[in-house]
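We count ligands from 1, going down the list as the structure has it; atoms in each ligand are counted the same way. Sequential numbering from 1 along the given sequence is applied to the chain's residues.
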Amino acid sequence: MTDRRHFIKIGLAGTAALAAGCTEIPKEEEGELHVAPVTKANGAVILSTWDHGLPANAKAWDVLASGGSILDAVEQGVMVTESDFTNRSVGLGGRPDRDGHVTLDACIQDHDGRAGSVAFVQRFEHPVSIARAVMEKTPHVMLVGEGAEQWALENGFSRNEIVLPEVMEEWKKWAATSNYKPVANIENHDTIGMVAMDATGKLAGSCTTSGMAYKIHGRVGDSPIIGAGLFVDGEAGAACATGVGELAIRTAGSHTVVELMRQGRTPDEACRETLQRIQRKHKELADMQIGFLAIRADGAYGGWGLRKGFSYALRTGDRDELVQAGHQFDE
Ligand code: GLY
């Protein structure tokens, strides 16, 4: 019933636009939208990107179980990944930019849409916690670079000067040729994005990354950008992205997913329709991966990747597992 109403709504909107002399807005592939039955959690649900999401979810679940808030859960969950210095795409263990600097991006957002974000920060272990402090202690949403670092030092955060010789060796070898070719699901196995809902229906999300390996110094991806790497609106849902950040920024990807859920799409449909839009707008997507995770305000959840290989960690009262997401391309 819901799906049928959805089609009727699009049909009327399109007719009205044409009657008003407007250019017809390209529709997504409507026939392809109905991809999976809606899966709903009976109670709290936590989703996070890739297999590094499993220990992050475990921590977030523990936080909820011990009475912490959903915001505490999404912060402390991804802090586990930030502190894992064997992780080459999140936190200080991440691969550096092309000049040899590890630069970090993170953001956090709560049920009511309050948000905090930091970008291009160096030598701090927990950028997601700085992002939360920006949200809670300043009138701003986003601080970047030296200003963010200075503000963090003034507000109780300390530097972590760790340098990982194996990471620098790998970078030096790469720098000898500077031949960067992204490999989907390997070098772009990047951000941890987490979206979660507690048993009362409160939503929150977080995102943290060292970004694309060997990027141009100063490049910032989608992960700290509210609406691109993460978007939460308690009235509609929450979504996060992982993969080539430029694709998520150009389409305001996470915001798009949430807005489609607001219009009645299931989480899988919303993620997939956003990916279809990315496909339509980008002729060249070879080797690129991008995936979205989503929780709708009614507790329905799902995720979808551009190509095979995108997985996400799922935690509910009765499930704790890695899920292979549906995908658009087999290769
Ligand atoms: N998705 C992370 C980045 O592109 O930096």
Less than 4.0 Å between a side-chain N and a carboxylate O, is that true for [Y] and [X]?
{"X": "R262", "Y": "E259", "value": "yes"}
{"X": "E136", "Y": "R132", "value": "yes"}
{"X": "R219", "Y": "E246", "value": "yes"}
{"X": "R159", "Y": "E149", "value": "yes"}

Ignoring hydrogens, just give me the one of I249, D222, L247 whose non-hydrogen atom is nearest atom 1 (N) of ligand 1. D222

Please identify which atoms of ligand 1 are closer than 4.0 Å to at least one heavy atom of [X].
{"X": "M212", "value": "5 (O)"}
{"X": "G243", "value": "1 (N), 2 (C), 3 (C), 4 (O)"}
{"X": "S223", "value": "1 (N), 2 (C)"}
{"X": "G221", "value": "5 (O)"}
{"X": "T191", "value": "1 (N), 2 (C)"}

Against ligand 1, does E246 come closer than 4.0 Å with any heavy atom? no

Give a yes/no on ligand 1: does T242 have at least one heavy atom closer than 4.0 angstrom to it? no

Heavy-atom pairs closer than 4.0 Å: do any link ligand 1 to the side chain of R219, the backbone, both, or neither? side chain

For a side-chain contact (heavy atoms from CB on, under 4.5 Å) with I46, tell me which candidate from D320, V195, V74, L64 qualifies. L64

Geometric class of the F120/H217 ring pair [parallel <30°, tilted 30-60°, perpendicular >60°]: perpendicular

Side-chain H-bond candidate by donor/acceptor type, T103 with K215, under 3.5 Å: yes

Aromatic contact between W50 and F310, with the criterion being ring centroids under 6.0 Å apart: yes or no? yes

If I apply the N/O under 3.5 Å rule, does G211 come out as touching ligand 1? no

Flag G245 as yes when one of its N or O atoms lies below 3.5 Å from any N or O atom of ligand 1, and as no otherwise. yes

